[in-house]
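All values below were derived from every heavy atom in this structure, side-chain atoms included, with hydrogens, water molecules and symmetry-related copies excluded.
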Amino acid sequence: MTDLARPDRAEVLEMLAAFGQRAAEDVPDELGSLELTWLIAEFEQRYGIEPDLDDEAFEAVRTVDDAVAVFRAAVTAGATGAAGAARP
């Protein structure tokens with residue numbers, strides 16, 4: 001991974017598709033808490049970055065686009081040496 005590599009919507013959909021053993025186009029836009037928990041673990045494994053999500057921020061991630069924004073912020077913060085302060 002390069003410093004500029006940041007997850008996009010297609011990659012997040014791919015990760016979610018693997019969770020449900022379905023095609024990416026079959027993944028709904030709305031995320032349940034179990035899907036989000038799994039998605040965060042998958043992101044951490046792929047990128048080696050832990051997004052900084054307190055309970056309030058976790059509950060604010062409701063859609064695929066919300067997750068993309070959080071993950072992109074975490075990668076950007078990780079690339080600049082920050083503590084991964086990602087907020088949707």
I need the minimum non-hydrogen distance between [X] and [Y], along with the two atoms involved.
X: Ala17; Y: Ala23; result: CB-C, 3.9 Å
X: Val61; Y: Ala67; result: CG1-N, 3.7 Å
X: Thr63; Y: Leu31; result: O-CD1, 3.5 Å
X: Ile40; Y: Pro51; result: CG2-CG, 4.2 Å
X: Glu14; Y: Ala24; result: N-CB, 4.5 Å
X: Phe19; Y: Glu35; result: CE2-CG, 3.7 Å

>> What verdict does the side chain to side chain contact (heavy atoms under 4.5 Å, CB included) test give for Phe58 and Thr37, after you've listed the backbone C-alpha separation in whole Å, the side-chain angles of each residue and the deciding distance to 0.1 Å?
In response: CA-CA 9 Å; Phe58 180 88; Thr37 301; 3.5 Å; yes

More than 12 heavy atoms of other residues, nucleotides or ligands under 6.0 Å from [atom1] of [X]: yes or no?
X: Arg62; atom1: CZ; answer: no
X: Glu25; atom1: CD; answer: yes
X: Asp26; atom1: CG; answer: yes

In Å and rounded to the nearest 0.5 Å, what is the [atom1] to [atom2] distance from [X] to [Y]?
X: Glu44; Y: Phe71; atom1: CD; atom2: CZ; result: 8.0 Å
X: Leu16; Y: Arg22; atom1: CG; atom2: CZ; result: 6.5 Å
X: Leu53; Y: Glu59; atom1: CG; atom2: CD; result: 11.0 Å

>> For a side chain to side chain contact (heavy atoms under 4.5 Å, CB included) check, start with the C-alpha distance between Glu11 and Asp8, then their side-chain angles and the critical distance, and finish with the verdict.
In response: CA-CA 5 Å; Glu11 184 176 358; Asp8 59 14; 3.5 Å; yes

